[in-house]
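Working notes, beginning with the structure itself.
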Amino acid sequence: MVIPIQIQSADKFIQKRSIENMINGAFIGMFIIMALYNLMLFINVGDRSYLYYVVYIVFLGLTQLFTLGLGSYIFPGNVAVMNTYVTPLIRIFFGFSLLLFAGEFLQFKTSLKKYYSVYQLLFLIYIISAAATVTGATRIAYTLITWGAIATSASLLIAVIILYIRGFKPAKFFIIGWGLFLIALLLTIARNSGFIPYNFFTLNLLIGSAVVELILFSVALADKINFYRRQNTESQLAALAIAKQNERLITQQNVFLENKVRERTLELIETNQSLSVSLDTLKAAQIQLVETEKMASLGQLTAGIAHEINNPINFVSSNVAPLRLDFNELFNLLNQYQQAANHPENTGLLKEANAYCNKIDVPFVKDEILKLLNGVEEGANRTAEIVQSLRTFSRMDELELVEANINTAVLSTLVILRSSIPYYIEIKPILDNVEPINCYLGKLNQVLLNLINNSIQAIKAKRVHHNESVAIYTRDATDHVIIEITDTGIGMNEHVRQRIFEPFFTTKPVGEGTGLGLSIVFGIIEKHHGTIQVQSEPGVGTTVTINIPKNLTAPKMDEEY
């Protein structure tokens, strides 16, 4: 090995050494930052590739540290032990970490089965090098380590090129990293053998390529995640295409079956004309009962809204009289000052105005006016909020699909029901950031109104109330929105739960319910092509879960609810 020797003055040596220490410190700091960063990624992601990469960075940094001659700071006075045992062992562990990281990241065992035996032989080279180091054959150990590094770099470079050709795109960063490392290693060997000059560039060539290699490997790890994410997205799209194809086939089959059913239905209609009158009568009775249920809900809404609007209106009107009194006092004060200004020779007018000013306490009047105006503003805002919520319920029978936000519908329903909620019931709206959906907004408002009102009534039916609440959750899924309403009411047994959607079935006393509320809810959810599930336990409470598709394309409803 060629070792250059330079003779310099003390000042120039210290200056040069300081610059080298700064550069080496920067390199060491970069290694530490990269190790900590990838260790954090391993903790968050859990991929073993990051763990092996951290070990690789540690031993690569130690290798470069000893190459720069900084190992003497760690082993002062034991240069022979450091050169004979520590330095070669660190390089051997570096080779092991490199092979572990590459094998885990590139999945050689599954992606390159033919290459896997060669990959295992590379471990054997480093094992022999370790044995030579332990037995004191230092020269042989260093030679094996050098040729092992060349063989490892060349072999991995070929393997990565094969993987990249096969479509593993993150391998492109490895190609560049391995190539630079191999070139730097060959140039370093040539420098040590005297074939190329020994200068600042060739001295730091290996550590510079190591830093570039670290950056490229980090980018490769990130690109690997994106690569698998794209593959996952493509597989999901393929599965979605298959699902749509199946849906199309099912739809075609349904159309065929519907045509057959329609033909059979026409035959049955022709043979059962006598039943048409009875059927019309039953439909008229059903419509009348549904309208009765609507009127009952409307009456409840009207009473609640009247109570809600009356509160802020009374608050505003109660502030008008004191506000007028305060303004009259200020107007009188202004008139007195105006008279004093018009008759400056009459000093008594100014004294009377000042005395009146002290009497009415102007700062207090100003503060009271501001407070009264704030109260009026609050009452007006409260009234506007109620009116805005009423707009949501202004077209309950509208049969056109509109794009609406479920969270807004929930909050509007809670404003409408505010007056009917007792003080001992806590309302907990836990609303996710859901996408707008196509729906019949008036009908969904009716569903929310009925279900939340049922939860409130179920809690009211309890004899003792303690920590009562109604929790309303909204969650966003891939193709649908989830609405979940959970209460701490009296609950229901399995027999009642199985019959709650039957028309005219009710557990309320005679005169308090028609038994159509949940039947109407079920029909509305069905028309939205959604689902509704109920879980309940007596004495514990009830949970109602609704799934509504986001992109409803069904025709207008044929029936009125």
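Both backbone and side-chain heavy atoms feed into the values below; hydrogens, waters and symmetry mates do not.
Here I452 contributes atom CD1 and I421 contributes atom CD1; the two are 8.0 Å apart, rounded to the nearest 0.5 Å. Note that the CZ atom of F501 and the CD1 atom of I520 stand 13.0 Å from one another [nearest 0.5 Å]. Atom CD in E526 sits 11.5 Å away from atom CD1 in I532 (nearest 0.5 Å). Separation of atoms CD1 (I456) and CG (L417) is listed at 5.0 Å; rounding is to 0.5 Å. Within the model, atoms CD1 of I250 and CD of Q253 stand 9.5 Å from one another, a figure rounded to the nearest 0.5 Å. Taken to the nearest 0.5 Å, the CD1 atom of I548 stands 5.5 Å off from the CD1 atom of I483.
Judged by distance alone, the side chain of T474 and the main-chain N or O of N407 form no donor-acceptor pair under 3.5 Å. Under a 3.5 Å cut-off, the side chain of K462 and the backbone N or O of T488 do form a donor-acceptor pair. Using a distance-only test at 3.5 Å, with no hydrogens or angles considered, a donor-acceptor pair links the side chain of S97 to the main chain of F94. The closest donor-acceptor contact from the side chain of E468 to the backbone of H466 lies under 3.5 Å.
In terms of heavy-atom proximity, S536 sits nearest to G541 at OG-O, 3.2 Å. Of all the heavy atoms in N551 and N438, the pair that sits closest is CA-ND2, 4.1 Å. Across all non-hydrogen atoms, the minimal contact from V534 to V544 is CG2-CG2, 4.2 Å. Pairing each heavy atom of P436 with each of E403, the nearest pair is CB-CG, 3.6 Å. I459 and S469 make their closest contact through CD1-O, 3.5 Å (heavy atoms, listed as atom of the first residue, atom of the second, distance). Heavy-atom minimum distance, N445 versus A409: OD1-CB, 3.3 Å.
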Verdict with supporting geometry, R418 and V415, side chain to side chain contact (heavy atoms under 4.5 Å, CB included): CA-CA 5 Å; R418 184 185 300 165; V415 173; 3.6 Å; yes
Stepwise, does the side chain to side chain contact (heavy atoms under 4.5 Å, CB included) test hold for F522 with I500? CA-CA 10 Å; F522 184 83; I500 56 175; over 6 Å; no
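Heavy-atom neighbours of R264 CZ from other residues, nucleotides or ligands within 6.0 Å: at or below the threshold of 12. Other residues, nucleotides and ligands contribute over 12 non-hydrogen atoms within 6.0 Å of the CD atom of Q498. When the shell of 6.0 Å around CG of N259 is examined, it contains more than 12 heavy atoms from other residues, nucleotides or ligands.
With a 4.5 Å cut-off on side-chain heavy atoms, V261 and E258 do not count as touching. Between V410 and L448, some side-chain heavy-atom pair lies under the 4.5 Å cut-off. Side-chain contact between N454 and I485 is absent, with no heavy-atom pair separated by less than 4.5 Å. Inter-residue side-chain proximity for N405 and V434 is flagged as met; some heavy-atom pair is nearer than 4.5 Å. Side-chain contact between V58 and F93 is absent, with no heavy atoms from C-beta onward closer than 4.5 Å.
The salt bridge (charged side-chain N to carboxylate O under 4.0 Å, His left out) check on E247 picks up nothing, with sequence neighbours excluded. Residues passing the ring pair (Phe, Tyr, Trp, His ring centres under 6.0 Å) test with Y473: none are found, sequence neighbours excluded.
Below 30°, between 30° and 60°, or above 60°: for H465 and Y424 the angle between ring planes is below 30°, a parallel geometry.
Applying the salt bridge (Lys or Arg N to Asp or Glu O under 4.0 Å) definition to pairs two or more places apart or across chains, those involving residues 473-490 are R475-E484, D476-K550.
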